[in-house]
Number of protein chains: 2
Amino acid sequence: MKLSPIEENYIKSIYYLQAKKGNVNTNSLAAHLETSAASVTDMMKKLKRKKLLEYKKYYGFRLNAAGNLYALEIIRRHRLWEFFLVSKLGMQWEKIHDIAEQLEHVSNDELIKKLDDFLGNPKTDPHGDPIPNEKGVMPVLRQIALKDLTIKKNAMVSSVSNQTPQMMEMLNHYKIKLGSHIKVTKQFVFDGSLQVKIDKQPECIISSMGAKNIFVYDN
Amino acid sequence: MKLSPIEENYIKSIYYLQAKKGNVNTNSLAAHLETSAASVTDMMKKLKRKKLLEYKKYYGFRLNAAGNLYALEIIRRHRLWEFFLVSKLGMQWEKIHDIAEQLEHVSNDELIKKLDDFLGNPKTDPHGDPIPNEKGVMPVLRQIALKDLTIKKNAMVSSVSNQTPQMMEMLNHYKIKLGSHIKVTKQFVFDGSLQVKIDKQPECIISSMGAKNIFVYDN
DNA sequence: AAAAAAGTTTAGACAAATCTAAAAATTTAT
DNA sequence: ATAAATTTTTAGATTTGTCTAAACTTTTTT
Ligand SMILES: [Mn+2]
Ligand SMILES: [Mn+2]
Ligand SMILES: [Mn+2]
Ligand SMILES: [Mn+2]
């Protein structure tokens with residue numbers, strides 16, 4: 001089944017809202033989508049007819065299995081494109097979400113599969129949020145700060161909490177990218193700085209402050 | 001000005017049709033877009049109101065300068081995405097057009113600029129059609145078969161006329177991609193085969209039949 | 001247990017894009 | 001120069017997604 005971009009946005013919003021509290025109500029969805037409660041009610045009838053959610057008048061709604069799977073497919077597309085925009089085009093964190101909001105509605109299974117492979121099957125988007133696989137399964141990730149990474153354990157750069165130009169400059173210098181393979185080879189107790197190996201580059205030193213703001217997943 | 005995907009498709013179709021004959025008439029545009037003549041008339045009134053075309057009742061229409069520029073912007077996006085789909089994701093020629101038809105409507109100037117750079121500022125799409133630059137200027141290209149390329153002249157692979165899996169296999173083996181830099185270093189008169197240098201790889205031999213089906217632009 | 005407040009649905013209208021069928025204008029044929 | 005054929009436009013309906021305002025249901029307060 002192929003939904004319109006608008007229907008897809010409804011599905012995605014319900015998914016996010018119901019993650020917080022099981023059932024979603026009309027007004028909160030209307031607020032989230034910046035639309036009227038009446039429009040939400042109209043759309044809920046339609047999505048119920050399409051068997052994507054359960055809906056009881058006056059008592060809110062929740063995605064069923066099919067609706068959930070659809071939501072995860074949209075989120076997968078969104079996050080893969082965000083990864084692409086940052087890691088391949090070098091766009092800035094703040095700008096990518098709105099573009100991904102458009103790209104996520106381009107539908108073609110082979111495209112998404114090939115994009116995923118091209119990007120090296122990333123497990124998180126640039127904000128550190130997990131990317132569901134083709135089957136709609138969210139990878140279980142243990143994300144930790146680089147400073148807390150066990151010594152000599154292989155890990156992958158997943159996100160960066162401080163996204164200033166100053167941080168960008170540093171990441172650039174170290175050639176650290178999202179998805180970079182990283183390993184701590186030595187810790188200096190004196191100032192908390194770390195010796196790390198990034199991809200196939202020679203080892204280098206990262207300060208404690210840098211290591212506090214760089215996040216990796218180690219599983 | 002930002003048009004809807006539907007309006008953009010109208011603009012693009014008019015552009016293509018008027019390349020053949022100066023003025024476009026209602027029925028031919030309706031046929032091209034697989035819609036009714038009545039819908040075309042409605043849209044022409046609207047696009048005239050938006051000052052993108054000249055339109056005289058019963059006498060057809062033609063894009064004005066603003067409309068032409070807009071059309072070229074859409075074509076630029078379409079062809080850049082097609083190049084991406086083939087050269088980066090390795091998709092097949094026949095499948096990319098429909099996907100580009102969706103991607104071309106994603107609008108963000110910085111995105112297209114960065115995509116262009118990421119792809120190495122290609123001059124043609126995978127079908128060999130020229131890609132307009134940001135200013136809407138189509139590059140003037142002399143496209144010739146590799147077999148006709150002047151010896152030792154630098155050129156760039158632009159398209160391939162035979163798009164069978166067998167050809168793909170061969171291109172793959174030679175690591176020939178769209179946009180590859182190519183130069184003929186020796187011609188063998190005996191069988192018409194060529195010694196060529198592709199990107200930074202060591203020289204290799206391509207048969208006359210291969211060289212007949214690989215196209216390059218040499219300016 | 002009523003009344004008031006909050007939340008939700010319905011009713012009716014509107015804009016964008018589409019369609020079919022009828023009317024009007026232009027072009028071609030006689 | 002008329003008549004016939006073709007092309008184009010208009011009129012009126014339809015679909016999708018939206019809105020406001022009124023009606024209805026549930027929840028909270030008194
Ligand atoms: Mn996002
Ligand atoms: Mn969206
Ligand atoms: Mn195309
Ligand atoms: Mn299109």
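Remark: P of dT18(D) and CD of E34(A) are 12 Å apart, rounded to the nearest angstrom. When the P atom of dT9(C) is taken as reference, atom NZ of K48(A) falls 11 Å away, rounded to whole Å. The CE atom of M44(B) sits 16 Å away from the P atom of dA16(C) (whole-angstrom rounding).
Under 3.5 Å, the side chains of D117(A) and N121(A) contain a donor-acceptor pair of N or O atoms.
Contact annotation: N25(B) does not reach the phosphate of dT7(D) (side-chain N/O to OP1 or OP2, under 4.0 Å). T35(B) has a side-chain polar atom (N or O) that falls below the 4.0 Å cut-off from OP1 or OP2 of dC19(C). Residue N27(A) has no polar side-chain atom (N or O) positioned under 4.0 Å from OP1 or OP2 of dA6(C). A close approach under 4.0 Å does not occur between any side-chain nitrogen or oxygen of S36(B) and OP1 or OP2 of dT18(C).
S159(A) places no side-chain N or O within 3.5 Å of a backbone atom of F215(A) that could act as its donor or acceptor partner. Using a distance-only test at 3.5 Å, with no hydrogens or angles considered, a donor-acceptor pair links the side chain of W93(A) to the main chain of P126(A). Under the 3.5 Å distance criterion, the side-chain polar atoms of Y70(A) are matched with a main-chain donor or acceptor of L3(A).
By the 4.5 Å heavy-atom criterion applied to side chains, K153(B) and K183(B) are not counted as neighbours. When side chains are defined from C-beta on, Q163(A) does not count as touching M168(A), because their heavy atoms never get closer than 4.5 Å.
Taking CG from L85(A) and CD1 from I96(A), the interatomic distance works out to 6.0 Å, rounded to the nearest 0.5 Å. Atom CD1 of residue I182(A) and atom CD1 of residue I176(A) lie 5.0 Å apart, to the nearest 0.5 angstrom.
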(request) Given salt bridge (Lys or Arg N to Asp or Glu O under 4.0 Å), test K177(B) with D199(B) step by step and report yes or no. (result) CA-CA 10 Å; K177(B) 293 179 178 175; D199(B) 294 323; over 6 Å; no
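The stretch residues 4-21 of chain A has no heavy atom under 4.0 Å from DNA chain C, so no residue of it qualifies as close.
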So which protein nitrogen or oxygen atoms get under 3.5 Å of nucleotides 9-15 of chain D's nitrogens or oxygens?
residue : atom : partner : partner atom : Å
dT9(D)  : OP1  : Y55(B)  : OH           : 2.6
dT9(D)  : OP1  : Y58(B)  : N            : 2.9
dT9(D)  : OP2  : T26(B)  : OG1          : 3.0
dT9(D)  : OP2  : T41(B)  : OG1          : 2.9
dT10(D) : OP1  : K57(B)  : NZ           : 2.7
dT10(D) : OP2  : K45(B)  : NZ           : 2.7

Pairs: protein N or O with nucleotides 1-6 of chain D N or O, under 3.5 Å:
none

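Seen from the ring of F118(B), K88(B) counts as a face-on cation partner, given the 6.0 Å and 45° thresholds.
Side-chain rings of F84(A) and F84(B) approach one another, their centers coming within less than 6.0 Å.
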